[in-house]
Amino acid sequence: MSTTWITVGTPLPSGPMRIAVTPAGVVMSDYLPDGSATSAPVCTDPAKIDAVTGRITEYLAGRRRAPDLPIDWSRVGDAHRVVLRTLLTEVPYGRTITYGELAALSGVFEGTTEPGLAARTVGQMMAANPVPLLVPCHRVVAADGIGGFGGGRVGIEVKRWLLTLEGVLEPTLDWNGPDWVEAAARG
DNA sequence: CGCGCCAACATTG
DNA sequence: CAATGTTGGCGCG
C-alpha cells in the first residue's frame, strides 16, 4: 500500500500537521511540529492535496463541523476501530464524552467490571489514535477534568485549542484562534 | 472541599 | 513485556 505524506499548515499551538494518505483514504495524521526528518514520500496528487488541506483548513477555521475525509481503517485493530468509530458517530461537534462513557457506549468492554480499567484502555486507544482530528479524540475528556492528550506538553494545549474552537471551553487570553473570532467578537 | 496515593489488569506496539 | 490521555475511594488539613 503506497503511503504518501501531505503537510498542512494550521493555527494549532503545535504548528503544521502531517497527514499520510493511501488510495483508500487517510491512514495517519500527526501534530508533530517537526515532521521534517521523514524519509516517507511526499504526496504529489493535486486532488488529494486540495481535499486534505482544504477540508482541514475549513474545519480549523470553524466553517466546517468535521473534516469529512475518507479514513483507511486497514491498519487499525478490531476493538480499537469500534471505539474510534463509536466516537466518530456518537459524539457530535461541540459535545464531549468521558473515557468511561465512551467505553460503555462502544460496547467493547461489556465483560469488564472495573470502570476504571475500561476507561484507561480507551485512553490508551485515544493515545494510539492513528488519525487525530479526523476522529475527534479531543472530545474525550476525564470524568473530573479535561484529561490528557498525546504529543507531549503541547498536546494538551492542542486539545484545549480544539475544544475552544468547538465552543466547549471559554477562550483564554492567549487564544490565537482563526480569523472568524474577530468577526464573532464584532457581532 | 482540594490534594495526593493506591490498586485494577485491557489493549497496543 | 512494559507503558498508558482513568477511575473511585481513602485519609488529611
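Letters A, B, ... are given to chains in the order of the sequence lines, protein chains preceding strands, and every chain is numbered from 1.
Rounded to whole Å, the distance from CD on A:Glu101 to C1' on C:dT6 is 13 Å. In this structure, A:Ile97 places its CD1 atom 14 Å from C1' of C:dT6, rounding to the nearest Å.
Using modelled atom types, one side-chain atom of A:Arg139 and one backbone atom of A:Val91 make a donor-acceptor pair closer than 3.5 Å. With hydrogens and angles ignored, the 3.5 Å screen pairs no side-chain donor or acceptor of A:Glu166 with any backbone N or O of A:Leu163. Between the A:Thr112 side chain and the A:Glu114 main chain, no donor and acceptor come within less than 3.5 Å of each other. A:Lys48 places no side-chain N or O within donor-acceptor distance of the main-chain N or O of A:Val21, the cut-off being under 3.5 Å. Judged purely by atom type and a 3.5 angstrom limit, A:Arg18 has no side-chain atom pairing as donor or acceptor with the backbone of A:Tyr31. Using modelled atom types, no side-chain atom of A:Lys159 and backbone atom of A:Gly150 make a donor-acceptor pair closer than 3.5 Å.
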With sugar-phosphate taken as primed atoms, P, OP1 and OP2 and all else as base, the protein-contact string of nucleotides 7-13 of chain B at under 4.0 Å (heavy atoms; B, S, -) is -BSBBS-
What string of B, S and - do you get for nucleotides 8-13 of chain C, 5' to 3', if B is base contact, S is sugar-phosphate-only contact and - is no contact with any protein heavy atom under 4.0 Å?
S-----
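Looking at heavy-atom distances under 4.0 Å, A:Ala127 makes contact with a base. Here A:Gly150 lies in heavy-atom contact (under 4.0 Å) with a base. At the heavy-atom level, A:Val122 lies nowhere under 4.0 Å from the strands shown.
Relative ring orientation between A:Tyr93 and A:Tyr59 is described as perpendicular, the plane-to-plane angle rising above 60° on a 0-90° scale split at 30° and 60°.
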What would the secondary structure line of DNA chain B be in dot-bracket form, counting Watson-Crick and G-U wobble pairs under 3.5 Å, with [ ] for pairs that cross earlier ones and | for pairs with another strand?
||||||||.||||
With side-chain contact (heavy atoms from CB on, under 4.5 Å) as the test, would you mind laying out the steps for A:Val154 and A:Trp161 before giving the verdict?
CA-CA 10 Å; A:Val154 294; A:Trp161 195 99; over 6 Å; no
Go through the steps to decide whether A:Leu84 and A:Met126 satisfy the test side-chain contact (heavy atoms from CB on, under 4.5 Å), and finish with yes or no.
CA-CA 8 Å; A:Leu84 291 178; A:Met126 296 303 108; 3.8 Å; yes
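In this structure, A:Arg85 is positioned above the aromatic face of A:Trp73, its NZ or CZ under 6.0 Å from the six-membered ring centre and within 45° of the axis.
Taking hydrophobic clusters as Ile, Leu, Val, Met, Phe, Trp and Tyr residues chained together by side-chain heavy-atom distances below 4.5 Å, A:Leu60 shares a cluster with A:Ile49.
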